[in-house]
Asks: 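My structure is below; once you've seen it, I'll send some questions.
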Amino acid sequence: DTAVSQTPKYLVTQMGNDKSIKCEQNLGHDTMYWYKQDSKKFLKIMFSYNNKELIINETVPNRFSPKSPDKAHLNLHINSLELGDSAVYFCASSPRTETRGGGYTFGSGTRLTVV
Amino acid sequence: EDQVTQSPEALRLQEGESSSLNCSYTVSGLRGLFWYRQDPGKGPEFLFTLYSAGEEKEKERLKATLTKKESFLHITAPKPEDSATYLCAVEWGGNEKLTFGTGTRLTIIP
């Protein structure tokens, strides 16, 4: 039973296209995140949502628009894709602060390649 | 300004050769320091959370320790299956997010 699942796993698309990545968690966590991992393997937060409310928006271009229809889902839509958007995108979730001893749980990633 | 720095960037060890990975941080108001393992093509896998200086946690061949400025991940008698990238991250201040270091790529040679 996958805890945090993302689809698709791979995405190859042309510059200028619009694409979406979906994420679902079955852990009952309150907060969900999108992280971007660049070619040097550095992970950086993009957005976080708590119970469908946007909490963190880390100076990400407004071509990126997250949407959280409910507490268990967080999707990422990207408009007008650029070459520099090529990266691995990870969805993650975490419980309330006081129960975070088990860490944040990450999905297996979506490798986006823009050609 | 780097807030989380990991060293070394890469480490190659013979099987059974113990060593330590370092994670130093410069944030204020540390709420938690997290260690993750990441295998190629997979997401980070949670290992430990440390909250205060002096705290230690162990899991199989791994032991994590924390001081006021850094954390160490000690690997005792490693096996080839311990080969992975080890990531350190901190949660600090009023931020409910993880700030990651750049990782240490560990290779254990049989």
Side-chain angles (χ1 to χ4, degrees), chain A residues 2-7 9-10 21 23 25 27 29-51 53-60 66 74 87-111, chain B residues 1-6 8-11 23 27 29-52 55-57 59 62 64 66 71 73 83-107:
Chain A
T2 305
V4 179
S5 58
Q6 298 178 227
T7 54
K9 187 166 176 64
Y10 300 98
I21 306 172
C23 179
Q25 56 100 359
L27 298 167
H29 287 170
D30 296 318
T31 309
M32 295 184 72
Y33 309 81
W34 280 111
Y35 279 81
K36 179 179 179 180
Q37 188 168 47
D38 62 23
S39 56
K40 295 185 178 180
K41 307 298 184 187
F42 182 61
L43 267 165
K44 186 170 182 184
I45 189 165
M46 300 173 69
F47 302 102
S48 79
Y49 269 75
N50 186 289
N51 280 326
E53 181 186 349
L54 179 66
I55 303 298
I56 293 173
N57 181 340
E58 287 281 309
T59 58
V60 176
L74 179 62
V88 182
Y89 293 85
F90 286 99
C91 178
S93 70
S94 70
R96 298 186 316 275
T97 303
E98 55 270 23
T99 60
R100 206 164 277 164
Y104 294 48
T105 303
F106 284 80
S108 57
T110 295
R111 180 175 294 277
Chain B
E1 177 184 325
D2 290 342
Q3 297 169 313
V4 183
T5 305
Q6 290 188 247
E9 191 175 314
L11 182 62
C23 171
V27 301
L30 181 75
R31 289 165 50 187
L33 186 139
F34 299 74
W35 282 99
Y36 282 84
R37 168 191 172 128
Q38 186 174 23
D39 293 299
K42 297 191 175 180
E45 177 188 342
F46 172 75
L47 294 173
F48 304 109
T49 308
L50 301 167
Y51 293 103
S52 55
E55 190 175 358
E56 299 182 352
K57 288 196 177 169
K59 180 181 178 180
L62 300 176
L66 181 65
S71 176
L73 184 66
S83 296
T85 295
Y86 289 85
L87 300 167
C88 167
V90 297
E91 192 179 68
W92 58 280
N95 304 300
E96 294 201 4
K97 64 177 183 180
L98 291 179
T99 300
F100 279 87
T102 49
T104 294
R105 191 173 63 256
L106 177 66
T107 304

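When reading the values below, keep in mind they use all heavy atoms of this one structure, side chains included, and skip hydrogens, waters and symmetry mates. Letters A, B, ... are given to chains in the order of the sequence lines, protein chains preceding strands, and every chain is numbered from 1.
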Asks: Could you check whether any side-chain heavy atom of A:Y89 comes within less than 4.5 Å of a side-chain heavy atom of A:M46, counting everything from C-beta outward?
Replies: yes
Asks: At a heavy-atom separation under 4.5 Å, does B:E45 approach chain A through its side chain, its backbone, both, or neither?
Replies: neither
Asks: Parallel, tilted or perpendicular for B:F100 and B:Y36, by the 30°/60° rule?
Replies: tilted
Asks: Please work out whether the ring planes of A:Y33 and A:Y104 are parallel, tilted or perpendicular, with thresholds of 30° and 60°.
Replies: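 Judged by the thresholds at 30° and 60°, the geometry between A:Y33 and A:Y104 is tilted.
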Asks: Within a 6.0 Å radius of atom NZ on B:K42, are there more than 12 heavy atoms belonging to other residues, nucleotides or ligands?
Replies: no
Asks: Less than 4.5 Å to any heavy atom of chain B: does that hold for the side chain of A:K44, its backbone, both, or neither?
Replies: neither
Asks: Does any backbone or side-chain atom of B:L87 lie under 4.5 Å from a heavy atom of chain A? Answer side chain, backbone, both or neither.
Replies: side chain
Asks: With a 4.5 angstrom heavy-atom cut-off, could you sort out which part of A:Q37 is near chain B: side chain, backbone, both or neither?
Replies: side chain
Asks: What option among B:L50, B:L47, B:L98 has the most heavy-atom pairs under 4.5 Å with chain A?
Replies: B:L98
Asks: Going through the distances and angles, do A:W34 and A:V60 end up as a side chain to side chain contact (heavy atoms under 4.5 Å, CB included)?
Replies: CA-CA 11 Å; A:W34 280 111; A:V60 176; over 6 Å; no
Asks: Side chain, backbone, both or neither: which part of A:L43 has an atom under 4.5 Å from a heavy atom of chain B?
Replies: both
